[in-house]
Structures are given as structure tokens and as C-alpha cells.
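This structure is a prediction, so every number in the text was calculated from the model and none was measured. Counting from 1, the numbers follow the sequence of the chain as shown.
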Amino acid sequence: MAEKIEDLKAKAEVLIEALPYIQRFNRRIIVVKYGGSAMLDEDLKKSVIQDVTLLKLVGFKPIIVHGGGKEINKWVAKSGIEPVFINGLRKTDAETMGIAEMVLGKVGKSLVTMVEELGVRAVSISGKDGGLLQVKKKYSDGQDIGFVGEIQKVDPKILFDLLEKDFLPIVCPIGLDEEFQTYNINADDAACAIAGAVKAEKLAFLTDIEGVRRDPADPSTLISELTVSEAEELLQSGYVVGGMLPKLNNCIHAVKNGVSRVHILDGRLAHCLLLEIFTNKGIGTAILNDKEDRFYHE
């Protein structure tokens, strides 16, 4: 019986630790970029949706921006399309673009179903809806990589309308150019642009690494918090390499464009969002502007 009471006390302490964060971020917008392994493992997928739904139920206004690259690659392979790579990037031809839009739409509707099962109303949209994401054709070192778009403008009205009506928006990164041609967009870029446009309190990236490390090969060098200035110094140091390089650049850009705080989290860890947002220490890396108060203390 004593052990049971101690377990209950521990649960109560967790809730009390979360209270100031719930108070601070009540009615604030949080954008979650959902991708990587967390989209492929059914248990992880369930935990992410539970986290976002809980954020909604305790007063946050979450928006999910999802990718689906691996799922797209699977369907492209099934279609027998031979991949063409330019500067390491897959060229998106018209047929591949059609598959991408179909797959991303399917992914979005599956996430809606999971959210609705937990008692929260959700709507899946693309960047084409309501003129949300307006793009121009993107080139790689001057070379044509097909129907890949670079965001020029975000019109967040449809997102504000959905949030006002108490829906959880789920966005796939597809946009239109001035000629109403459809383009695929990098999901990280879409999440950053949307977070900036809605002046999100938080932007959280679910990745396949636990955060930013001072030494990429040493997990013990994980950095819990970075100001923009510190993040820029880290980029210049040459220690940030691979996929973390564009991600950290995106984080800096988002903070400079009005997002209060950006989090890089390990999406392979169940309930990573709750652990980062509702605990004093957190588990990933938070990037904040130079004037923000730090939350984390040793």
C-alpha cells in the first residue's frame, strides 16, 4: 500500500511540475513538425498523437505539419519510376508530384483519424487550401529539380479560422505558384514558415537525433538550450554537420521571424513532446532569442 501511495505522489509531482508551463502557454500556438521514425513506428505514431492531443486539451493551440518522404519513396518505387538525382536531391517530375500529393493526403487523413479517436476535432489540409503556402520553383545550384517549391508567402487565415473553431489543423507541405501549379515543399521549411506566420510560441521538430551536440559523435555533449547567437557561433565552428545543418539554420530563421522558442527533439522517444515542454530539464535542445529567459538550470 505504501508503494502505491508513493507512486501516486510521484504522479502528482509530475503534474505540479507541469503546472507553470500549462499556465504560461495556455491559448498559445505550438507548431509540431512531425516526421522521421516517429511516422513509421505505429507505437511512436500513437504516442506523438497522444502528446499533441493532450496539448490541445490543456489549452494549447497545436498545429501539425507533417512530412512523408519515406512513404512517398515507397510508392514511387512501386510505380516503377526510375529515380533521378541532381546534387543529391531527387528530381520531382510530374508523375512523382502526383504520387507525392496522393500519399501526403493519405498520411494527413490517417492522422486526423487518430486525433478524432482521442476526442479532438481535426482537419487535414494542404498548403494549397486557402492559399496557405505560395511558392516559386526551386533550383539546386541553378539546376532544375522538378516540381519542388520554395515558399514565398504564407497566408495563415485558414489556420486561424480552424483554431478559432477549435479544430486541430494538420498540414501537408504542398503549395501553389502564381500560375496555380502544384509543388512539393520541404516539410521543415513549411513548418518554419507557418510557425513564423502565426507567431507561434513554440516550434518543435521531431527528428531522429536527441538534439544538438557540441560534438556530433558524443551524445554526452547534448546542449539543452542555445540562444540564436550561440547557435550561429556553433554553425560557424564547423561542428554541426549533415542533416542537422539545415535544421539548425531553420531554427535560427524561425526565431528571427517571431517564434519564441524552437525545440529539436528525438521523435524515437515515446512522449518526447510532453517530456520537453512540461518538465524543468527537458530532453532535447531549445533555441531561443537572445532576450528570452532560460528555463533550464543545472
Side-chain angles (χ1 to χ4, degrees), residues 11 14-36 38-39 42-68 107-127 129-130 132 154 156-173 187 190-206 254 258-265 267 269-279 282-284 286 295:
K11 289 180 181 178
V14 169
L15 292 172
I16 293 301
E17 185 176 337
L19 181 58
Y21 302 103
I22 294 172
Q23 290 173 321
R24 171 165 179 160
F25 300 122
N26 187 262
R27 310 308 295 164
R28 302 293 182 87
I29 297 174
I30 174 170
V31 175
V32 179
K33 191 276 171 169
Y34 178 37
M39 290 195 74
E42 286 303 315
D43 290 335
L44 286 176
K45 189 185 290 187
K46 186 176 180 181
S47 81
V48 169
I49 296 305
Q50 287 173 334
D51 285 6
V52 176
T53 303
L54 179 61
L55 292 175
K56 179 83 170 68
L57 291 171
V58 298
F60 286 68
K61 293 182 175 182
I63 298 168
I64 295 175
V65 179
H66 66 86
V107 169
K109 294 302 182 187
S110 73
L111 297 179
V112 166
T113 301
M114 295 177 75
V115 171
E116 296 266 356
E117 284 176 345
L118 294 172
V120 169
R121 297 189 301 170
V123 174
S124 172
I125 63 173
S126 83
D129 294 310
L132 175 60
V154 180
K157 183 179 185 303
I158 189 171
L159 295 176
F160 288 134
D161 287 348
L162 289 170
L163 292 172
E164 186 182 339
K165 298 295 184 184
D166 207 31
F167 287 98
L168 194 164
I170 298 174
V171 185
C172 77
C192 276
I194 287 170
V198 299
K199 294 294 185 278
E201 183 70 27
K202 290 178 178 290
L203 166 62
F205 287 102
L206 303 189
V259 179
S260 295
R261 190 172 294 252
V262 183
H263 301 261
I264 298 176
L265 307 176
L269 179 64
H271 302 299
C272 61
L273 269 171
L274 300 186
L275 292 168
E276 174 69 5
I277 293 172
F278 290 145
T279 62
I283 58 162
F295 284 171

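Annotation: side chain of Val52 is in contact with side chain of Leu273 (closest heavy-atom distance under 4.5 Å). Residues Ser124 and Leu111 form no side-chain contact, since every pair of their non-hydrogen atoms from C-beta on lies 4.5 Å or further apart. Side-chain atoms of Asp51 and Ile277, non-hydrogen and from C-beta on, never get closer than 4.5 Å to each other. With a 4.5 Å cut-off on side-chain heavy atoms, Phe160 and Pro169 do not count as touching. Residues Leu275 and Leu265 form no side-chain contact, since every pair of their non-hydrogen atoms from C-beta on lies 4.5 Å or further apart.
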Step-by-step side-chain contact (heavy atoms from CB on, under 4.5 Å) determination, Val198 to Leu163 = CA-CA 11 Å; Val198 299; Leu163 292 172; 5.9 Å; no
side-chain contact (heavy atoms from CB on, under 4.5 Å) between Ile63 and Leu162, intermediate numbers included = CA-CA 10 Å; Ile63 298 168; Leu162 289 170; over 6 Å; no
Give the intermediate values and the outcome of side-chain contact (heavy atoms from CB on, under 4.5 Å) for residues Val31 and Val171.
-> CA-CA 10 Å; Val31 175; Val171 185; over 6 Å; no
Leu118 vs Met114, side-chain contact (heavy atoms from CB on, under 4.5 Å): CA-CA, chis, key distance, verdict = CA-CA 7 Å; Leu118 294 172; Met114 295 177 75; over 6 Å; no
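In this structure, CG on Leu168 lies 9.5 Å from CG on Leu57, to the nearest 0.5 angstrom. Rounded to the nearest 0.5 angstrom, Leu206 CG and His66 NE2 are separated by 13.5 Å. Separating the CD atom in Glu276 from the CD1 atom in Ile264 is a distance of 10.0 Å, to the nearest 0.5 Å. Note that CG of Leu203 and CD1 of Ile29 are 12.0 Å apart. Values are rounded to the nearest 0.5 Å. To the nearest 0.5 angstrom, Lys61 atom NZ is 9.0 Å from Asp166 atom CG. Cys172 contributes atom SG, which lies 8.5 Å from atom CD1 of Ile125 (distance to the nearest 0.5 angstrom).
Here the closest heavy-atom approach between residue Ala190 and residue Val65 is recorded as CB-CG1, 4.2 Å. Across every non-hydrogen atom of Val262 and Ala254, the tightest pair is CG2-CB, 4.0 Å. Between Ile170 and Ala122 the shortest heavy-atom distance is CD1-CB, 4.1 Å.
Every residue two or more places apart in sequence or in another chain that forms a salt bridge (charged side-chain N to carboxylate O under 4.0 Å, His left out) with Arg28 is listed here: Glu201.
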